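First the structure, in the form of structure tokens, and then the observations on it.
Only a predicted model underlies this, so the values are computations on that prediction, with no experimental measurement involved.
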Amino acid sequence: MRKLTYFVAVSLDGYVCAPDGSFDFFPGGDDDGSGGELDENGEFHAREYPELLPTVARNHLGLDVPNKHFDTMLQGRGSYQIALDQGVTSPYGHMREYVYSRTLAADVDPNVTVVATDPLRHVRELKKENGDLGICTVGGPSIAGLLLPEIDELVIKRYPVVAGAGKSFFEGGAFDPAVFERVEGTVFDNGADYTRFRRRSDAK
């Protein structure tokens, strides 16, 4: 069965964005290479998770490599709207893209499938598909809250900043404690770090 991974940047106090949904308070932000160069964090991102760089960033960098971990991207409307506001209708064109929304037009882009039905049911169907690569959802705390029962791994990029308030990892999720174990981690000179956690097989 294919795995679902939640890839997200967070503050030290566990917020993925401000109360209004903005995330520009993270020091330096997530350097996605759209300016043509990468910092230390961005280089790690490009090397270890190249498919999670938006297609426009991959083009700027001349990065043409196979997807390493994931072939399917899931987003909520809020996360997807960030790309729409920049005139981009398929931010991850090198993967299959699904957007969960009851208001978005179904024909927004040929590579994007808009799912207006139950996200959990849809994800369970995707996970049953055959394939060596997994499924990823990025940065959307509301959709992550809905999908929590099916999330198998967390890849957390933690910034050395305290937000004080905002939206949490799993905004609106039900109280349902789940045990994850730390798999690996990388610390950067600027104090940020990546850590990967895997849901314990006996904890689901």
Side-chain angles (χ1 to χ4, degrees), residues 1-11 14-24 26 30 32 45 49 51-55 67 69-86 88-109 111-129 133-158 163 165-178 180 195-199 204:
M1 181 174 287
R2 301 197 323 145
K3 296 183 182 301
L4 173 61
T5 299
Y6 179 26
F7 196 102
V8 61
V10 300
S11 64
Y15 294 111
V16 304
C17 60
D20 64 359
S22 63
F23 49 87
D24 54 2
F26 288 126
D30 271 328
D32 63 7
H45 197 153
Y49 298 97
E51 61 269 61
L52 297 187
L53 286 174
T55 302
N67 295 335
H69 301 282
F70 314 110
D71 62 11
T72 303
M73 172 62 71
L74 312 180
Q75 290 185 276
R77 175 62 187 270
S79 178
Y80 182 64
Q81 188 64 44
I82 296 170
L84 283 184
D85 290 344
Q86 298 176 0
V88 178
T89 56
S90 180
Y92 297 95
H94 48 284
M95 291 194 279
R96 293 191 303 171
E97 293 182 87
Y98 294 92
V99 177
Y100 298 109
S101 173
R102 292 188 177 91
T103 59
L104 191 65
D107 59 353
V108 64
D109 187 277
N111 191 55
V112 173
T113 300
V114 178
V115 180
T117 54
D118 180 14
L120 264 181
R121 181 177 178 181
H122 177 250
V123 165
R124 286 167 179 155
E125 292 172 353
L126 290 177
K127 291 177 71 172
K128 291 177 183 177
E129 295 176 343
L133 298 180
I135 307 161
C136 180
T137 184
V138 293
S142 296
I143 197 64
L146 290 173
L147 298 182
L148 178 55
E150 290 299 321
I151 291 175
D152 302 290
E153 290 194 341
L154 305 170
V155 179
I156 299 170
K157 182 177 183 180
R158 186 177 57 171
K167 296 183 179 181
S168 64
F169 276 57
F170 301 99
E171 190 74 10
F175 180 75
D176 185 18
F180 285 73
T195 308
R196 182 161 67 96
F197 296 90
R198 180 181 298 132
R199 186 189 290 262
K204 188 171 181 178

(message) What I want to check is whether the side chains of Thr137 and Gln75 have a donor and an acceptor closer together than 3.5 Å.
(response) no
(message) Quick one about Ser11 and Arg158 (side-chain donor to acceptor, distance below 3.5 Å, no hydrogens or angles considered), yes or no?
(response) no
Distance check, rounded to the nearest 0.5 Å: [X] atom [atom1] versus [Y] atom [atom2]?
X: Tyr100; Y: Thr113; atom1: OH; atom2: OG1; answer: 10.0 Å
X: Ile135; Y: His69; atom1: CD1; atom2: NE2; answer: 15.0 Å
X: Leu74; Y: Cys136; atom1: CG; atom2: SG; answer: 7.5 Å

(request) Check whether the ring centres of Phe170 and Tyr6 lie less than 6.0 Å apart, and answer yes or no. (result) yes
Is there side-chain contact between [X] and [Y], with heavy atoms separated by less than 4.5 Å?
X: Val99; Y: Leu104; value: yes
X: Leu52; Y: Val155; value: no
X: Val112; Y: Tyr80; value: yes
X: Asp152; Y: Thr5; value: no
X: Phe197; Y: Ile151; value: no
X: Tyr98; Y: Met73; value: no

(request) Could you give me the CA-CA distance, side-chain angles and deciding distance for Tyr92 and Val138, then say whether side-chain contact (heavy atoms from CB on, under 4.5 Å) is met? (result) CA-CA 11 Å; Tyr92 297 95; Val138 293; 4.1 Å; yes
For [X] against [Y], the heavy-atom pair lying closest together:
X: Lys167; Y: Glu171; answer: CA-OE1, 3.4 Å
X: Ser90; Y: Thr55; answer: O-OG1, 4.4 Å
X: Gly93; Y: Asn111; answer: CA-ND2, 3.5 Å
X: Ala178; Y: Arg199; answer: CB-NH1, 3.3 Å
X: Phe169; Y: Val16; answer: CA-CG1, 4.1 Å
X: Pro91; Y: Glu97; answer: CD-OE1, 3.2 Å

(request) Keeping to residues at least two apart or across chains, list the salt bridge (charged side-chain N to carboxylate O under 4.0 Å, His left out) pairs with something in residues 72-85. (result) none
(request) From the options His122, Arg124, Arg121, select the one residue that forms a side-chain hydrogen bond (donor to acceptor under 3.5 Å, both in side chains) with Glu150. (result) Arg124
(message) Taking side-chain hydrogen bond (donor to acceptor under 3.5 Å, both in side chains) as the criterion, tell me which of His94, Arg96, Arg2 meets it with Asp71.
(response) Arg2
(message) Would the distance check show the side chain of Ser101 and the main-chain N or O of Thr103 forming a donor-acceptor pair, the cut-off being under 3.5 Å?
(response) yes
(message) Please determine whether a side-chain nitrogen of the Lys or Arg among Glu153 and Lys3 lies less than 4.0 Å from a carboxylate oxygen of the Asp or Glu.
(response) no
(request) Take Leu154 and Arg196, measure what side-chain contact (heavy atoms from CB on, under 4.5 Å) needs, and give me the verdict at the end. (result) CA-CA 6 Å; Leu154 305 170; Arg196 182 161 67 96; over 6 Å; no
(message) Please determine whether side-chain contact (heavy atoms from CB on, under 4.5 Å) holds for the pair Val123 and Leu4, giving the CA-CA distance in whole Å, both sets of side-chain angles, and the decisive distance to 0.1 Å.
(response) CA-CA 8 Å; Val123 165; Leu4 173 61; 3.9 Å; yes
(request) For side-chain contact (heavy atoms from CB on, under 4.5 Å), just list the numbers for Val88 and Ile82, CA-CA rounded to whole Å, side-chain angles, deciding distance to a tenth of an Å, and then say yes or no. (result) CA-CA 9 Å; Val88 178; Ile82 296 170; over 6 Å; no
